[in-house]
Amino acid sequence: MPNLPKGRHMSLIAAEHVCVRYGANEVLHDISLQIAAGEIVTILGPNGSGKSTLLRALLGILPVAEGRILRQAGLRIGYVPQRLMVDKTMPINVRRFLSLPTRVSDAAATEVLARVGMTGLGPQQMAALSGGQLQRVLLARALLGQPQLLMLDEPTQGLDQQGEAGFYHLIEEVRTATGAAVLMISHDLHVVMAASDRVICLNGHICCEGTPRVVSTAPEYRALFGLGSEGALALYRHEHDHDHADGHPHHHHDHEHDHA
Amino acid sequence: MLDDFLVRAGLAAVGLSLATGPLGAFVVWRRMAYFGDATAHAAVLGVALALATDLPIELGTLTVALAMAVTVAGLSARGWAMDTTLGVLAHSALAFGLVAISFFPAVRTDLSSYLFGDILAVSRTDLALVWLGSLAVLALLAWRWQALLTSTLSEDLAHAAGIRPDRERLVLVIALALVVAVALKVVGALLIAAMLIIPAATARGLARSPEAMAGLAILLGAVSGLGGLALSFWQDTPTGPSIVVVAALLFAASAGRSRV
């Protein structure tokens with residue numbers, strides 16, 4: 001994978017006119033994007049829109065048919081997969097899992113578990129974790145590599161709304177504490193938007209992108225998610241208010257908000 | 001000491017379990033049971049090939065087992081319906097091997113030793129080959145251990161960490177072919193897969209970490225080998241099946257114990 005020249009570029013990773021095909025089927029068409037240091041970017045799209053494919057192409061798991069993917073030289077990426085099926089036939093606890101594939105010290109493991117709110121869960125068997133706990137452990141493992149860029153594939157799938165809000169809050173904390181950029185995939189609309197600096201709307205190609213507020217008013221975005229004229233902005237505002245009313249932790253964003 | 005055929009047989013059984021223990025753990029974790037069968041059954045064809053070309057039996061079985069394992073791994077990577085494909089390949093290899101061997105009248109009477117093993121007839125050379133092969137497999141698995149565990153848990157996670165899951169799969173394929181070649185004399189082609197799966201499955205119920213499971217599988221394999229040897233010696237039963245009978249009894253005992 002070609003490297004981005006250091007210093008001259010602000011971005012950590014970039015896609016330039018990337019196309020990905022499965023056989024004759026073009027799943028991604030002419031994708032260009034850049035992720036800058038420290039920003040939280042969410043890729044939003046319906047099922048089958050190529051979100052996971054895009055992330056896997058950026059990670060270098062899938063080959064690109066056209067275009068290219070550029071990375072800053074020596075870029076450290078932490079990857080949190082969509083889900084991890086730990087087969088019941090494999091006995092492995094959280095502490096041991098954190099040492100894959102690079103062994104880490106007990107001190108580092110304890111510290112990272114505390115950071116994701118999983119203190120004391122080291123001896124727990126992986127197969128016995130709940131969905132939310134598993135996501136936090138996967139995040140902890142990704143953080144151990146001191147990533148400059150975190151990539152998360154639908155990290156809150158299978159979590160209830162409170163768990164979801166808590167997880168995004170954690171992501172923001174991590175960004176603040178480590179300065180890592182975050183690239184997330186989601187198919188839910190409002191909660192994730194509240195936690196993002198920038199949203200990229202995907203449906204095989206990039207439909208629209210911008211701050212959550214700009215995207216949520218874009219006609220392409222509404223058409224994609226079948227929203228009416230009031231659309232997601234109302235939903236988004238509503239959810240934001242709802243958060244406050246429920247006494248959930250206030251998310252401080254450095255992007256603009258429309259408080260209704 | 002090595003003059004005693006019983007000592008040689010015991011050492012062969014213990015030596016083999018050094019390889020079947022950890023490899024068996026991967027066979028269980030990755031659900032490769034049928035894969036092991038196909039590779040082991042191909043060894044019979046390898047015997048016929050070696051007889052026809054006057055090559056050493058071990059070389060013939062190693063070559064054909066390797067060819068079979070690489071074929072199967074290649075097909076599975078291309079997304080074939082593995083259950084059916086492996087069924088066709090495993091049984092065809094066995095049938096072709098048996099038919100081919102029948103063209104060598106001198107071996108016909110000896111056929112059962114290839115199918116069920118003939119551990120009581122292990123020579124010094126055989127013993128050296130068993131230990132060399134097993135230690136090679138053990139060293140290979142120990143060297144790739146972290147990468148193998150990671151790609152067994154999640155190929156995407158491995159990929160994102162710079163590990164090539166296809167290469168790790170090849171490591172297991174080569175290890176499997178080596179084990180088949182050295183285990184033929186000890187347990188015979190029909191029951192090699194049993195020696196991979198049963199001790200590892202027994203160890204699963206007792207272990208809390210991947211390493212403990214592999215280590216326990218070695219121990220249980222060695223105990224089964226020695227126990228089966230005793231059974232075979234005192235009751236004049238075929239050695240391969242006797243070893244597997246003891247392994248199965250240990251499995252039943254541990255399954256009963258963990259239920260209580």
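- At a 4.5 Å heavy-atom cutoff, the contact between A/Arg103 and chain B is made by backbone and side-chain atoms alike.
- Using a 4.5 Å cut-off between heavy atoms, B/Ile163 contacts chain A through its side chain alone, with no backbone atom that close.
- Counting all heavy atoms, side chain and backbone alike, B/Pro210 lies closest to A/Arg96 at CD-CG, 4.2 Å.
- Heavy atoms of A/Met126 lying under 4.5 Å from chain B are absent altogether.
- B/Ala147 does not touch chain A: none of its heavy atoms, backbone or side chain, sits under 4.5 Å away.
- Closest of all the heavy-atom pairs between A/Pro91 and B/Met213 is CD-SD, 3.4 Å.
- In this structure, the portions of A/Ile61 lying under 4.5 Å from any heavy atom of chain B include both its backbone and its side chain.
- Heavy atoms from other residues, nucleotides or ligands lying under 6.0 Å from CZ of A/Arg83 number 12 at most.
- The CH2 atom of B/Trp145 lies 10.5 Å from the CG atom of A/Leu100; values are rounded to the nearest 0.5 Å.
- Each of B/Ala212, B/Ser209, B/Ala160 has some count of heavy-atom pairs under 4.5 Å with chain A, and the biggest count is that of B/Ser209.
- Only one option out of B/Arg31, B/Arg30, B/Arg204 pairs with A/Asp87 in a salt bridge (Lys or Arg N to Asp or Glu O under 4.0 Å); it is B/Arg31.
- Heavy-atom neighbours of A/Glu111 CD from other residues, nucleotides or ligands within 6.0 Å: at or below the threshold of 12.
- For the atom pair CG of A/Leu62 and NE2 of B/His159, the computed distance is 8.0 Å after rounding to the nearest 0.5 Å.
- Listed in order of number, the residues of residues 149-158 of chain B that approach chain A to under 4.5 Å between heavy atoms are B/Leu149, B/Thr150, B/Thr152, B/Leu153, B/Ser154, B/Asp156, B/Leu157.
- Atom CZ of A/Arg76 sits in a crowded spot, with more than 12 heavy atoms from other residues, nucleotides or ligands closer than 6.0 Å.
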